[in-house]
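We're numbering straight along the sequence, starting at 1.
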Amino acid sequence: MKRKDIIKLARKDFEKAWAETGKLLKKPHHDMEYPRLRFKIGKPHILYDTIWRLRDAYLKLGFDEVVNPVFIDEEHIYKQFGPEAPAILDRCFYLAGLPRPDIGLGLEKINEIRKLDVKIDDKKIDNLKEVFRSYKKGILAGDDLVMEVSSALDVSDETGLRVLERVFPEIKDLKPIPTKNTLRSHMTSGWFITLEYLHDKCKLPLKLFSIDRCFRREQREDSSHLMTYYSASCVIADEEVALDVGKAVSESLLEHFGFSKFKFLPDEKKSKYYIPGTQTEVYGYHPKLREWVEIATFGLYSPIALSKYGVDKDVMNLGLGVERLAMILAGEDDIREMVYPQIYKEWELSDRELASMLRINLYPVTEDGRRLMEKIIDVWRKHGNEPSPCSFTVYDGEFLGKNVNVEAVEVEENTRLLGPAANNRIFIYDGNILGVPEEEKLDTKLIKEARKKGIDTGIAYMDALAAEAAYKIEEMVVTGSDAVKVRSAIARSLSDLNLRLDKVGMRYITSKNKVIDLRGPTFSTIKARIK
């Protein structure tokens, strides 16, 4: 019955109409069946998840968020670190930039432009000179140079680029010139600059935090060092700030992450921007980890360094490396694998992910075709063990506007309608794709494990073979053929069973030396003809 008819029937006989609604259900397309159908939740990066939690913790403790300067002139390092500055600068990345050269436009270069089939006159020469003057003065950005040269010469961008490459090699041959600007290597470098502008413009106490990148010129990147990292840092400025403020902030901040006990030990590094004896390491005990781990460092800024920025307040600074905290919480032991898993971590796909990548290849397109596929499966299940030779009618009637007869047959003697593997189901276990037989007595050790712990894809061999047969019968009708025979014999691969695996899944299985074992005799034949 159609939906409208059922609604009318419900007014007369609700129970009968309700039962009829069950017939409205249609078998979904294979790709829309579980476990191929999957709504996967996006996975956050542990680093940014930790940053989010740190931001939440700081805000709940009443700190205001700021963005500290990233580009730090080397003079600030001398002001903050004093005699330590040369050693600190050795760890900094210096910035460099390409110079803006004087570009002449003599007769020789004008002739070179003409050789490139560019028509040039006095007006275009003046326009080109103005472009180069603007470039030299910094009025014109480098990434606009090709466009402006092309416009001045009234040529395409391709021709303008060719002119720059062949006539003005001085642009291509430019060498970077270093500046005295560095990338921030410690968040402290930015805090002094921020405090200079805010210490006397806000009501005390001043409580600020910043979570941002720092850059450090390590000798090499290894399991515990990267050249860029996130610092989660805060400052408290007031007329008087005791060192115990650092202990209290550490405790309150890290309790958000499950740490329950704390130890505070003197830091042997003794940075010169801290008051002697105040630089302190923070160790926390995590009940799940059952160990003490170093997490943060705090101290009181030196009045000598603060005075160079006009700051006459006490300032407590606390900082921790976000990557360090994330590694502790996640139980990671290699910072590269945690931050850049796509590069350093061993590739892993779950069995669930692999299951979503396995598809039936040829699948009926029409509702008639899908109903025929189900009829084929029903006949095979009912008569699969019948001795041969044998023949069973699957369908006889109208199909896509044609009168069609479909038979399941086996002409050879002393066998059965279907081969013994036709009822096998496909499981995925430990990265392997396996055909699991109905009878457990045939199980290998791997099949036994797959049956207990693997993922049933919901696909039996006969399901995929029936889909192929129905698809080929649809194709027969559409192309105007009179008959078609669809035969399977021995399954050795995915394609033998009308299956396909996404390239990513196949690449994973190959790279991990896993197996696709779907071997087995299927011996099925479907014949169809138009009457």
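- S495 and S493 share a side-chain donor-acceptor pair at under 3.5 Å.
- Side-chain polar atoms of Y301 and Q80 form no donor-acceptor pair below 3.5 angstrom.
- For the residue pair T280 / D267, no side-chain donor-acceptor distance below 3.5 Å is found, with atom types taken as modelled.
- Remark: side-chain polar atoms of D314 are paired, donor with acceptor, to backbone N or O of V241 under 3.5 angstrom.
- No more than 12 heavy atoms of other residues, nucleotides or ligands shown are found within 6.0 angstrom of CG on D333.
- Aromatic rings from F215 and Y229 are positioned such that their centres are separated by 6.0 Å or more.
- Around atom CD of E108, no more than 12 heavy atoms belonging to other residues, nucleotides or ligands sit under 6.0 Å away.
- Partner E449 forms a salt bridge (charged side-chain N to carboxylate O under 4.0 Å, His left out) with one of R451, K445, K453, K452 and no other, that one being K453.
- Counted by atom type alone, D222 and H225 present one or more donor-acceptor pairs between their side chains at under 3.5 Å.
- Heavy-atom contacts from other residues, nucleotides or ligands closer than 6.0 Å to CD1 of I304 number 12 or fewer.
- With 3.5 Å as the limit, one finds no donor-acceptor pair spanning the side chains of Y508 and E353.
- For Y309 and H199, the gap between ring centers reaches or exceeds 6.0 Å.
- The aromatic rings of Y344 and Y340 sit tilted relative to each other, their planes meeting at an angle between 30° and 60°.
- No side-chain heavy atom of E221 sits less than 4.5 Å from a side-chain heavy atom of E218.
- Remark: K512 fails to qualify as a cation-pi partner of W347 under the 6.0 Å distance and 45° angle criteria applied to the six-membered ring.
- Counting non-hydrogen atoms of neighbouring residues, nucleotides and ligands closer than 6.0 angstrom, the CD atom of E348 exceeds 12 such neighbours.
- Aromatic ring pairs are classed by plane angle as parallel below 30°, tilted from 30° to 60° and perpendicular above 60°; the pair F63 and Y58 is perpendicular.
- At most 12 non-hydrogen atoms from other residues, nucleotides or ligands lie less than 6.0 angstrom from CG of D117.
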Decide salt bridge (charged side-chain N to carboxylate O under 4.0 Å, His left out) for K207 and D64; before the verdict, give the C-alpha distance in whole Å, the side-chain angles of both, and the deciding distance to 0.1 Å. CA-CA 6 Å; K207 297 170 65 179; D64 294 324; over 6 Å; no
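- Counting heavy-atom neighbours within 6.0 Å of F71 CZ, excluding the residue itself, gives a total of 12 or less.
- Under the 6.0 Å cut-off for aromatic ring centres, Y285 and W292 qualify, their centroids lying closer than that.
- Counted by atom type alone, Y283 and E281 present one or more donor-acceptor pairs between their side chains at under 3.5 Å.
- Ring centroid separation for the pair F298 and Y274 does not come in under the 6.0 Å cut-off.
- No option in E332, E337, R336, M338 other than R336 meets the side-chain contact (heavy atoms from CB on, under 4.5 Å) test with S223.
- Within a 6.0 Å radius of CZ in R352, more than 12 heavy atoms belonging to other residues, nucleotides or ligands are found.
- If you check the side chains of T228 and R213, you find a donor sitting under 3.5 Å from an acceptor.
- Enclosure of atom CG in D122 is not indicated, since only 12 or fewer non-hydrogen atoms of other residues, nucleotides or ligands lie within 6.0 angstrom.
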